[in-house]
Amino acid sequence: MNTSNSPTDPGGYGSPDEDDNPAADNSGPMPRNPDDSETSETEGAYWRENLRLLIGLMAIWFACSYGAGILFRDFLDQFMLGGYPLGFWFAQQGSIYIFIALIFFYVVRMKQIERKYDLDD
């Protein structure tokens, strides 16, 4: 809808040609670009691989922090690391080190995935 008050349109409601032209209606579906399906398949594959990586890394972190620090602590306490029982060490520091290592691994792996799908900067 045209709201300007131009000399050719004193009412400011648009010309009758604009209102009566069905081609001017943009509410219908946009014409599909043939490259869109290829792009959406590529994006879908990228996101599937990204989510698979995230889920795998979160599972590793969960196993190290919750599993080693809580569930298997009694078993791991029979081993010593730096003068401390291993279960205690995982609960206090090990899961943090694992998390930092997983962040670095994630950065390196995501660079590879982005290059694979031609999304790198």
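This is a predicted model, so every value here is computed, not measured.
Under a 4.5 Å side-chain heavy-atom cut-off, the cluster of Ile, Leu, Val, Met, Phe, Trp and Tyr residues that includes V108 has no other member.
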Applying ring pair (Phe, Tyr, Trp, His ring centres under 6.0 Å) to W61 and F99, what does each step give before you reach the verdict?
CA-CA 6 Å; W61 188 42; F99 183 67; 4.5 Å; yes
query: Please walk me through it: do Q112 and R109 pass side chain to side chain donor-acceptor pair (under 3.5 Å)?
result: CA-CA 5 Å; Q112 293 171 349; R109 186 69 183 115; 3.0 Å; yes
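Between C64 and I98 the shortest heavy-atom distance is SG-CG2, 3.9 Å. In terms of heavy atoms, L76 sits closest to L86 at O-CB, 3.2 Å.
Grouping the Ile, Leu, Val, Met, Phe, Trp and Tyr side chains by contacts below 4.5 angstrom, directly or via other members, places Y97 apart from M80. The hydrophobic clustering, which links ILVMFWY residues whose side-chain heavy atoms are closer than 4.5 Å, places F104 and L57 apart. F62 and I96 sit in two unconnected hydrophobic clusters of ILVMFWY residues. Membership requires side-chain heavy atoms under 4.5 Å apart, directly or through other members. Under the 4.5 Å side-chain heavy-atom criterion for grouping Ile, Leu, Val, Met, Phe, Trp and Tyr, L51 is connected to F105 within one hydrophobic cluster. Note on I103 and M58: same hydrophobic cluster, where clusters join Ile, Leu, Val, Met, Phe, Trp and Tyr whose side-chain heavy atoms are under 4.5 Å apart, directly or indirectly.
Partners of M110 by side-chain contact (heavy atoms from CB on, under 4.5 Å), not counting sequence neighbours, listed by chain and number: Y46, N50, L53, Y106, I113, E114. With sequence neighbours left out, the ring-ring contact (aromatic ring centres under 6.0 Å, His included) criterion links F72 to no other residue.
Side-chain atoms of Y117 and E49 include a donor-acceptor pair closer than 3.5 Å.
Taking the six-membered ring where the residue is Trp, F88 and Y84 present tilted rings, their angle falling between 30° and 60°.
Between atom CD1 of residue I70 and atom OG of residue S95 there is a gap of 9.0 Å, rounded to the nearest 0.5 Å. In this structure, CZ on F79 lies 12.0 Å from CG on L81, to the nearest 0.5 angstrom.
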